[in-house]
Amino acid sequence: QTAERQPCLRLAQRLSKLQNKGWRPRRTIILCNWDAEEYGLIGSTEWVEENRAMLTSRTVAYLNVDVGVSGSGVDASATPQLDELLKQASKKVQNPDNGTESLYDLWMASDSSLIGRLGGGGSDYSAFVQHIGIPSVDMAIGSGYAVYHSLYDDFTWMEKYGDPMFRRHVAVASIWGLVALRLSDEEILPFNYSSYATELENGAVDINKRVLGMPVSLSPLHRSIKQFNRAVLKVDSELQALQTWKFWSPWRNNPLRVRDLNDRLMMTERAFTEWEGLSGRPWYKHMIYGPSLYNDYGAEVYPGADDAIQTAKKTNTSESWQSVQHEIHRIARVISQAALVLSGGLT
Ligand SMILES: *[C@@H]1O[C@H](CO)[C@@H](O)[C@H](O)[C@H]1NC(C)=O
Ligand SMILES: *[C@@H]1O[C@H](CO)[C@@H](O)[C@H](O)[C@H]1NC(C)=O
Ligand SMILES: *[C@@H]1O[C@H](CO)[C@@H](O)[C@H](O)[C@H]1NC(C)=O
């Protein structure tokens, strides 16, 4: 099959064309194909574990495309600091089914206009996000289709029904490539943590509803989210200042300050992980996003608190509610840590 019909090959082809014209990315781009996804995400997991030191010290982002095309409409999930970048990139890609509008227009007009989160265990972003805390994106055109994982899920189906002109494949390759180019080339990483703060807050509201009337205090969590919010505002004003003074900013001639800001933007996601991991599931180290204990595909915000609440609701012992409180403290601790990293308190 030609590269036009395979988003990953097409992306590789375009990057190589750019290279032939003399372009060199500021940051390295690694193209990966995973084996054994259906057998417990073995390929990507082994690779992440094998390369943990390199990945945790210098990876900016991971961009996942699993079922690239399965129909019409945009289906996107991300860790929240990448929301804005994803939206901006989608404005630059044509809607494959209607040349007069953008992928963004198509996306916003549909029911799935919300950006999903990466707490589920359903695809290869799992090890990147949930084990080592790498900012990640998962992108597709279409979601859910009748022949999924069946005998009929083949090239003939794609040519006849899924994407007869292969324009949707081109659209996936385009948004994938645009996001990759901006992440690899921009002097300051195009991360915006303000929707992360909103997500943390929404998660806290959910937890609050579920522990209402129980002996659990959420004030450590609220305090840490406030601290995170302040860090977001601080970094935002640094970024705004940088944009305003683009041409003669003191930053321009100060690579150490640029490096410092980029390190903070990159390492904030890492700070949401904790070495001990979720209680009883130590491989899952991310305290904000992880699969539910009761549903591997179900994405949970604060999975550790979710597990503890489910147990406490069943047993209703004072010990079980203390465990919920313990989980709240652990979550608050990583959020404070992330706030400290983002605001530059550790550099
Ligand atoms: C294509 O998009 C334009 C702009 O949103 C809209 O007016 C038009 O009806 C669409 N065409 C089709 C065939 O859906
Ligand atoms: C980040 O996103 C927020 C909310 O959308 C926006 O107000 C802010 O200007 C953005 N920051 C930057 C540096 O673009
Ligand atoms: C849980 O235990 C508390 C204190 O022992 C009791 O007041 C409450 O009614 C119990 N709730 C349920 C749903 O059993």
Side-chain angles (χ1 to χ4, degrees), residues 3-34 44 54-55 58-66 68-69 74-96 99 101-108 115 118 124-125 128-129 134-141 166-193 195 239 242-243 246-247 251-252 255 258-259 261-269:
E4 275 62 38
R5 297 171 174 204
Q6 302 227 343
C8 188
L9 291 181
R10 187 175 179 102
L11 180 58
Q13 202 177 49
R14 290 191 192 180
L15 292 174
S16 114
K17 275 187 188 162
L18 280 173
Q19 276 191 307
N20 290 339
K21 287 185 179 167
W23 168 77
R24 293 290 177 273
R26 177 189 283 266
R27 305 180 185 91
T28 306
I29 297 173
I30 302 179
L31 300 178
C32 302
N33 271 293
W34 307 121
S44 57
M54 179 267 286
L55 292 170
R58 56 179 79 170
T59 305
V60 160
Y62 168 66
L63 311 178
N64 195 62
V65 171
D66 184 339
V69 175
V74 179
D75 186 28
S77 304
T79 48
Q81 75 277 61
L82 288 163
D83 288 0
E84 208 49 48
L85 174 60
L86 210 49
K87 285 186 196 157
Q88 287 167 7
S90 73
K91 289 180 183 168
K92 296 213 154 70
V93 179
Q94 237 179 36
N95 172 356
E101 60 175 31
S102 69
L103 210 52
Y104 179 78
D105 299 324
L106 171 70
W107 190 8
M108 292 303 131
I115 298 180
L118 301 175
D124 291 304
Y125 55 75
F128 290 89
V129 178
I134 306 275
S136 299
V137 166
D138 185 38
M139 297 162 283
I141 305 283
F166 284 83
R167 290 195 188 117
R168 291 167 178 171
H169 280 73
V170 174
V172 169
S174 302
I175 188 164
W176 199 0
L178 284 172
V179 169
L181 281 185
R182 289 198 53 194
L183 285 165
S184 65
D185 269 350
E186 285 186 14
E187 184 176 27
I188 304 291
L189 293 173
F191 287 178
N192 186 332
Y193 277 91
S195 59
L239 292 169
L242 192 61
Q243 273 162 14
K246 217 172 192 141
F247 299 106
W251 295 78
R252 272 270 173 285
V258 171
R259 179 63 191 262
L261 183 54
N262 279 335
D263 279 352
R264 285 154 53 197
L265 290 167
M266 175 176 76
M267 297 310 272
T268 298
E269 186 70 43

**Q** With sequence neighbours left out, write down each residue that passes side-chain hydrogen bond (donor to acceptor under 3.5 Å, both in side chains) with S184, or none if nothing qualifies.
**A**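 Listed in chain order: nothing, the list is empty.
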
**Q** Please name all residues satisfying ring pair (Phe, Tyr, Trp, His ring centres under 6.0 Å) with F191, sequence neighbours left out, ordered by chain then number.
**A**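 So F191 forms no ring pair (Phe, Tyr, Trp, His ring centres under 6.0 Å) with any residue.
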
**Q** Apply side-chain contact (heavy atoms from CB on, under 4.5 Å) to the pair H169 and R10, showing each step before the final yes or no.
**A** CA-CA 9 Å; H169 280 73; R10 187 175 179 102; over 6 Å; no

**Q** According to side-chain hydrogen bond (donor to acceptor under 3.5 Å, both in side chains), who are the partners of N262, at least two apart in sequence or on a separate chain?
**A**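 Partners of N262 by the side-chain hydrogen bond (donor to acceptor under 3.5 Å, both in side chains) criterion come out as none, since no residue qualifies.
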
**Q** Near N33 CG, under 6.0 Å, is it more than 12 heavy atoms from other residues, nucleotides or ligands?
**A** no

**Q** Can you list every salt bridge (charged side-chain N to carboxylate O under 4.0 Å, His left out) pair that touches residues 177-186, not counting sequence neighbours?
**A** R182-E186

**Q** Take L18 and L181 through the side-chain contact (heavy atoms from CB on, under 4.5 Å) test and state the conclusion after the steps.
**A** CA-CA 11 Å; L18 280 173; L181 281 185; 4.1 Å; yes

**Q** Does any N or O in the side chain of S195 come within less than 3.5 Å of the main-chain N or O of P80, such that one atom is a donor and the other an acceptor?
**A** yes

**Q** Would you check, one step at a time, whether the test side-chain contact (heavy atoms from CB on, under 4.5 Å) holds for V74 with L106?
**A** CA-CA 7 Å; V74 179; L106 171 70; 4.1 Å; yes

**Q** Classify the angle between the aromatic ring planes of W107 and Y104 as parallel (below 30°), tilted (30 to 60°) or perpendicular (above 60°).
**A** perpendicular

**Q** With sequence neighbours excluded, what pairs up with R259 under the salt bridge (charged side-chain N to carboxylate O under 4.0 Å, His left out) test?
**A** D263

**Q** Counting C-beta onward and ignoring hydrogens, is there a side-chain heavy-atom pair between Y125 and S44 closer than 4.5 Å?
**A** no

**Q** Which of parallel (below 30°), tilted (30 to 60°) and perpendicular (above 60°) describes W34 and F128?
**A**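 If you compare the ring of W34 with that of F128, the planes turn out tilted.
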
**Q** Could you tell me which residues satisfy side-chain hydrogen bond (donor to acceptor under 3.5 Å, both in side chains) with T59, sequence neighbours excluded, listed by chain and number?
**A**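 In terms of side-chain hydrogen bond (donor to acceptor under 3.5 Å, both in side chains), with neighbours along the sequence ignored, T59 is linked to no residue.
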
